[in-house]
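All remarks here apply to the structure that follows.
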Protein chains: 2
Amino acid sequence: MNQDVTPTFRPLYQQIKEALLARVVSGEWSPGSFIPSESALSNQYGVSVGTLRKALDALAQENVLIRYQGKGTVVATHDSDRSLFQFFCLVGLDGKRSLPISRVLIRERRAATTEETEALALGTSEDVIHIRRIRELDERPALLEDLVVSARNFAGLEEQPSPLPNTLYHLYQQRFGRSVAHAEERIFAVAADDKDKGCLGVETGTPLLEIRRIAKDLQGNPLEYRISRCETHSHCYLNEL
Amino acid sequence: MNQDVTPTFRPLYQQIKEALLARVVSGEWSPGSFIPSESALSNQYGVSVGTLRKALDALAQENVLIRYQGKGTVVATHDSDRSLFQFFCLVGLDGKRSLPISRVLIRERRAATTEETEALALGTSEDVIHIRRIRELDERPALLEDLVVSARNFAGLEEQPSPLPNTLYHLYQQRFGRSVAHAEERIFAVAADDKDKGCLGVETGTPLLEIRRIAKDLQGNPLEYRISRCETHSHCYLNEL
DNA sequence: TAGTGGTCTAGACCACGGT
DNA sequence: CCGTGGTCTAGACCACTAG
């Protein structure tokens with residue numbers, strides 16, 4: 001029986017794709033900047049434009065690059081365009097998306113729990129930075145978020161910058177060079193506890209959505225573990241399949 | 001100011017793509033059958049293989065076609081392979097997916113409610129076929145599903161076949177020639193009522209996930225409206241972004 | 001007008017599945 | 001061995017942007 005452990009074959013455009021990705025990950029090409037043109041790159045790698053284009057298109061498909069006809073190709077950022085909503089699935093009952101406003105309640109550095117250690121793949125007894133905030137939609141509290149990141153990778157986040165921006169992923173990218181590329185969300189139905197009552201203004205026992213998200217970078221390393229609790233009278237979680 | 005209402009340009013491969021899609025939708029190429037080879041099709045349409053390939057690849061990307069190297073291209077079906085799980089987001093707490101088993105409680109033809117009329121884009125006072133079933137995961141009731149389809153498009157579904165198959169979308173495709181291609185799910189947190197108590201064996205008031213799904217065909221016409229209620233102690237809803 | 005990415009072509013060779 | 005889809009190439013022309 002042939003074990004077939006050998007990959008027997010590896011498309012050129014995939015190798016090119018990985019080489020390009022490496023240059024993004026390494027920071028050689030930073031988010032928001034233009035990368036060399038197709039013809040320049042095809043010369044660099046000694047492949048035809050067509051092959052190189054296939055690699056670029058694949059990376060654009062995965063939201064790593066953004067292509068602009070007539071202008072060039074840029075490394076994707078988290079502030080630009082509609083990529084803001086890539087990780088935000090809450091919509092109004094009418095299907096409209098609106099931008100949440102944040103109010104920070106807690107911002108501290110502390111030891112990681114075992115749950116957080118597992119979710120973030122930390123070493124033993126590492127610290128995390130914990131942020132709790134309320135996010136308002138249409139001027140009413142809609143979301144209670146508790147999120148943690150590794151204190152090692154995000155040193156100083158607990159005190160600076162003093163007003164946290166509304167979109168944290170943009171900050172992770174700009175200030176710490178860590179870009180969230182994928183996320184995995186698990187959704188549960190839970191009953192509101194006293195904390196939820198105080199923060200969201202709902203009765204204790206009210207059914208809430210609990211969304212547990214692990215956000216990962218391009219290589220699949222976990223960057224952030226976030227638990228959101230959300231009341232669903234005027235909003236819901238939307239997923240298109 | 002230029003209104004830019006004119007599309008000014010329309011890629012050839014997109015026109016080809018639509019032409020191919022039309023042949024799938026019309027039933028000329030039925031699910032599970034092989035379509036002509038790339039070279040045959042490129043001759044038919046008078047375009048190069050490269051252009052035709054781009055159209056095929058786009059359709060494969062959208063799960064309309066499945067390409068097998070060395071064999072040919074087939075129209076996708078709902079029984080084949082892992083496409084079973086394309087619309088099933090519930091996983092165990094360990095992340096493992098398992099196949100649910102169904103027990104039908106209600107199966108009837110009746111007038112549509114206004115909510116159903118809107119969701120399915122029906123005309124005035126049309127009938128629907130309503131099915132209620134319990135789906136078990138790991139031998140315990142996990143899901144209570146209520147689904148409706150247009151009685152006009154699915155005539156006879158309320159009585160035949162007498163034992164309903166576990167995977168309804170396959171039946172829709174085989175028996176009624178309607179293929180579910182996309183779906184849109186809205187998720188809410190709700191409290192269990194007496195019906196849930198009887199069917200799922202949970203206490204009244206227990207928080208449940210309520211998943212409202214509208215399943216659509218290739219052209220975006222709604223085919224089925226489904227409301228599922230789900231308890232999340234041993235399972236959860238998984239979404240990858 | 002120059003430079004970019006987008007489209008399209010024609011043809012070569014490779015990997016895979018079946019005969 | 002043949003036919004299929006998969007990869008790769010080289011080059012032409014089109015559409016968009018900017019100076």
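Chain letters run A, B, ... following the sequence lines, proteins first and then strands; every chain starts at 1.
Residue contacts shown for Val49(A) are absent, as no nucleic acid heavy atom lies under 4.0 Å away. The residue Thr73(A) sits close only to the backbone: its heavy atoms come under 4.0 Å of sugar-phosphate atoms, none of a base.
Map Gln14(A) and Lys71(A) each onto its nearest nucleotide of DNA chain D; the residue landing nearer the 5' end is Gln14(A). With the nearest nucleotide of DNA chain D identified for both Ile35(B) and Thr51(A), Ile35(B) has the one nearer the 5' end. Mapped onto DNA chain C by nearest heavy atom, Gln69(B) and Asp57(A) fall at different nucleotides, with Asp57(A) at the one closer to the 5' end.
As a whole-Å value, the separation of Leu41(B) CG from dT4(D) C1' is 13 Å. Summarising the geometry, the separation between CD1 on Ile66(A) and C1' on dG6(C) is reported as 17 Å, rounded to the nearest angstrom. Regarding Lys54(A), its NZ atom lies at a distance of 16 Å from the C1' atom of dT7(C), rounded to whole Å. dG18(C) atom C1' lies 11 Å from atom CZ of Phe34(B), rounded to whole Å. Leu52(A) places its CG atom 16 Å from the P atom of dG11(D), with the value rounded to the nearest Å. Between Leu56(A) atom CG and dT4(C) atom P there is a gap of 13 Å when expressed in whole angstrom units. In this structure, Tyr45(A) atom OH and dT9(D) atom P are separated by 14 Å, rounded to whole Å. Atom P of nucleotide dA10(C) and atom CD of Glu38(B) are separated by 15 Å, given to the nearest angstrom.
Ring planes of His78(A) and Tyr169(A): tilted class, angle from 30 to 60°.
Here the side chains of Tyr225(B) and Arg212(B) are in contact, with some heavy-atom distance below 4.5 Å. Within the 4.5 Å cutoff, the side chain of Ile16(B) has no heavy atoms near those of the Arg53(B) side chain.
Across every strand in view, dG19(D) sits unpaired, with no contact that passes the Watson-Crick or G-U test at under 3.5 angstrom.
Under a 3.5 Å cut-off, the side chain of Arg133(B) and the backbone N or O of Asn166(B) do form a donor-acceptor pair.
Side-chain atoms of Arg53(A) come within donor-acceptor range of the base of dG6(C), with a qualifying N/O pair under 3.5 Å.
Using a 4.0 Å cut-off, no side-chain N or O of Ser48(B) falls inside it from OP1 or OP2 of dC8(C).
A donor-acceptor contact closer than 3.5 angstrom links the side chains of Glu185(A) and Tyr237(A).
Considering only side-chain atoms of Tyr13(B), the nucleotide from dC8(C), dT4(C), dG17(C) that sits closest is dC8(C).
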